[in-house]
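By convention in this document, chain letters (A, B, ...) are assigned in the order of the sequence lines, proteins followed by strands, and residues within each chain are numbered from 1.
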Number of protein chains: 2
Amino acid sequence: MGEKTVTIKDVAKEAGVGAGTVSRVLNDAVHVSPKTRKAVELAMQRLGYKPNAFARGLKSNNSYSMGVIVADITNPCFSKIIRGIEGTLQKSGFGMFLFDTEMDEEKVTQSINIMEEKKVSGIFILGEHFDTKKMLTDLYVPVVTVTSQIPICGYELPSNFASITINNERAAYSAMDFLCKKGKRKTVLLMSLADDENVGKARYQGYQNALKEHGIEIDQELLFFNQRLSMESGYECIYKIHEKGVDFDSIFAVSDLTALGAMRALSELGYAVPEDIAVVGFDGIEQGAYSIPSLTTIDQPRFLMGETAAKIMLDMIHKKKVLNREIILDFEFVERESTGK
Amino acid sequence: MGEKTVTIKDVAKEAGVGAGTVSRVLNDAVHVSPKTRKAVELAMQRLGYKPNAFARGLKSNNSYSMGVIVADITNPCFSKIIRGIEGTLQKSGFGMFLFDTEMDEEKVTQSINIMEEKKVSGIFILGEHFDTKKMLTDLYVPVVTVTSQIPICGYELPSNFASITINNERAAYSAMDFLCKKGKRKTVLLMSLADDENVGKARYQGYQNALKEHGIEIDQELLFFNQRLSMESGYECIYKIHEKGVDFDSIFAVSDLTALGAMRALSELGYAVPEDIAVVGFDGIEQGAYSIPSLTTIDQPRFLMGETAAKIMLDMIHKKKVLNREIILDFEFVERESTGK
DNA sequence: CTGAAAGCGCTTACAG
DNA sequence: CTGAAAGCGCTTACAG
């Protein structure tokens with residue numbers, strides 16, 4: 001890339017200054033006289049100078065890059081968050097390594113290994129991962145989780161952690177309260193983890209709260225835990241419950257993709273949505289706005305979550321005091337056709 | 001990350017060899033006696049040694065990282081390709097920088113800048129981009145395009161280029177031939193670029209070929225070019241054509257997302273799919289299999305395309321002779337409900 | 001505010 | 001097959 005590499009020395013000679021000075025204008029940290037700065041900048045431009053990231057990193061130990069670990073990159077909810085992160089990082093000149101783990105333990109380990117070698121300045125974790133906590137706590141870089149949290153209950157939040165979420169308990173409560181008010185009493189719950197001291201637990205709590213408030217008992221037969229949050233899993237769950245002959249009048253899936261898969265199964269099995277079965281999803285992905293029927297959902301501000309995560313991360317690595325490291329953004333309950341709008 | 005960094009010197013001392021030797025086992029290029037190798041490996045393990053990517057890169061100019069430029073990461077077609085690339089690269093210990101450009105000229109430039117600084121060993125381009133050719137030809141790294149091609153007609157393909165596509169002309173032909181045989185004579189065409197010496201041109205050619213063969217004249221009113229391949233654009237096109245009162249009996253969208261958006265608009269406007277209007281998409285994303293009705297489409301082997309791209313790239317940077325650098329993978333025409341199955 | 005110099009942790013001819 | 005040494009292109013105290 002570029003014929004002969006032009007180094008800081010070339011620039012220094014061209015500008016008639018020392019190499020250290022060029023370095024200083026590059027990192028514009030210390031004071032450099034405006035005049036000198038100008039001269040150096042001109043020289044850099046004339047020579048088409050590009051700093052060598054390796055050399056910079058070797059000395060400063062700052063890689064100008066970050067890493068993102070995502071459970072499922074094909075889920076549009078996550079890709080939208082990634083877009084938010086990437087755009088923000090790019091503006092600050094950071095590169096973003098991406099690792100798609102499919103929740104595979106080994107891939108997570110390998111990803112972390114690569115990130116260590118690359119000396120990323122920070123790691124983002126999107127979605128639920130088993131046991132990442134263990135691996136990450138002895139890393140010394142900041143970690144920001146998005147949509148999920150690292151379960152560190154009972155202890156003070158380590159200064160290198162932050163999380164961007166919505167209030168998952170209230171979100172799940174909203175969805176269920178809405179369904180209950182519609183007269184639904186038999187809601188199938190499609191969940192991933194529910195006992196993780198984390199998002200899953202909060203959502204399940206919201207589910208329980210709403211039912212309790214409406215005087216409805218929980219029916220174990222309607223609960224599906226540990227599901228992968230894919231279209232396929234939603235689809236299969238509905239077939240399963242139908243085959244078992246369990247009666248139900250609505251579905252609350254903790255992911256739009258899963259809800260969409262469920263709707264497809266309902267259609268194949270001859271249930272009408274929303275007449276027979278009302279469906280509520282979670283995430284707010286675009287596909288839910290265009291599906292037939294369109295999907296009622298909890299809209300997480302995905303792009304904003306990504307942006308916010310990146311900004312906080314940037315603050316953390318610049319050693320700024322970040323006092324609010326457990327950020328809870330507003331969600332929006334979006335009513336659409338799948339619940340009869 | 002790691003308390004005190006253990007360097008190659010520490011390993012050398014621990015193993016009782018020279019630093020150069022440690023380096024040699026690390027890069028297992030040159031011959032090292034099995035005995036020495038063993039000793040070094042043991043020492044590395046004992047000390048928990050992690051090579052410093054900066055130092056390696058500075059000397060060898062090999063970053064062990066690649067860059068991916070994608071037009072729209074929220075499109076599941078691309079994210080599946082990315083999964084294929086990432087998985088393959090990871091196995092070889094490469095990190096993958098991701099840049100989501102949304103086809104914005106400036107973001108592309110900035111992305112390329114960052115990649116130059118990071119000295120990525122190769123660049124993948126997914127989807128259509130305007131004028132990337134210009135920027136990339138003076139880069140000295142290999143470039144592999146996936147789903148699209150860099151238009152270099154009339155010249156020999158530069159040795160640092162490769163492309164992974166399907167036969168887009170035949171694919172589009174298949175879709176249109178199928179529609180024509182169903183008796184459709186007024187197919188709305190939803191395209192992005194059509195005059196780009198590239199994928200778009202090929203697809204449009206296939207469209208024309210099929211119509212010609214069936215003795216159907218092209219109706220300009222049915223042609224939508226330069227569309228963004230999103231759900232929204234598909235949706236809007238249908239509203240536009242409906243408002244103009246143009247008669248049509250089917251839709252061929254060059255992207256599943258666009259087709260899905262179109263189906264939503266049709267539903268809102270009271271058209272029945274497939275009874276009134278047949279719809280065919282392109283890409284083969286999962287969402288099309290679960291939509292209601294399910295979507296007939298051209299299935300591009302997305303994951304395989306990503307894997308193949310990464311493998312070719314690895315071959316190219318390892319200076320292996322790659323004779324087949326314009327790889328054309330098989331597509332599959334998948335018939336579903338949106339055309340009456 | 002700025003220059004000279006040391007050194008970050010590797011790789012790679014150069015000898016042997 | 002292996003060791004000693006130079007050097008990759010920066011950054012950063014240290015002086016001034």
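The distance between atom CG of N61(A) and atom P of dC10(C), rounded to the nearest whole Å, is 11 Å. Put simply, CG on N62(A) is 16 Å from P on dG9(C), counting in whole angstrom units. The distance from atom NZ of K9(B) to atom C1' of dG9(C) is 8 Å, rounded to the nearest whole Å. Atoms CZ (F54(B)) and P (dG7(C)) sit 21 Å apart, rounded to a whole Å. Distance L47(B) CG to dG9(C) P: 14 Å, rounded to the nearest Å. Here dG3(D) presents its C1' atom at 16 Å from NZ of K13(B), a figure rounded to the nearest Å. Here dC10(D) presents its P atom at 8 Å from NZ of K119(B), a figure rounded to the nearest Å. We find that OH of Y64(A) is positioned 12 Å from C1' of dC10(D), with the value rounded to whole Å.
Looking at which nucleotide of DNA chain D each of L58(B) and G16(B) is closest to, the 5′-most match is held by G16(B).
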Let's test your reading of the pairing rules: Watson-Crick or G-U wobble, both distances under 3.5 Å, then write DNA chain C as a dot-bracket string with ( ), [ ], | and dots. |||.||||||||.|||
If a protein heavy atom is under 4.0 Å from the base, mark B; if only from the sugar-phosphate, S; if neither, -; do that for nucleotides 11-16 of chain D going 5' to 3'. BBB---
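Look at E116(A) and K50(B) and you find a salt bridge, because one of the NZ, NE, NH1 or NH2 atoms lies within 4.0 Å of a carboxylate O, short of that distance.
Side-chain polar atoms of T7(B) and N52(B) form no donor-acceptor pair below 3.5 angstrom.
A search for side chain to side chain donor-acceptor pair (under 3.5 Å) contacts involving D100(A) returns R83(B), not counting sequence neighbours. With sequence neighbours excluded, the residues forming a side chain to side chain contact (heavy atoms under 4.5 Å, CB included) with A15(B) are V17(B), V40(B), A43(B), listed by chain and number. Partners of T74(A) by side chain to side chain donor-acceptor pair (under 3.5 Å), not counting sequence neighbours, listed by chain and number: D72(A). By the side chain to side chain donor-acceptor pair (under 3.5 Å) test, S79(A) is found to be paired with no residue, residues two or more places apart in sequence or in another chain being considered.
With distances taken from any side-chain atom of T36(B) to the nucleotides dG3(C), dC10(C), dT2(D), the minimum falls on dT2(D).
Taking all atoms of both residues into account, the shortest heavy-atom contact from P142(A) to I317(A) is CG-CG2, 3.7 Å.
Other residues, nucleotides and ligands contribute at most 12 non-hydrogen atoms within 6.0 Å of the CD atom of E326(B). Around atom NZ of K13(A), no more than 12 heavy atoms belonging to other residues, nucleotides or ligands sit under 6.0 Å away.
Look at T5(A) and you'll find a side-chain N or O under 4.0 angstrom from OP1 or OP2 of dG9(D).
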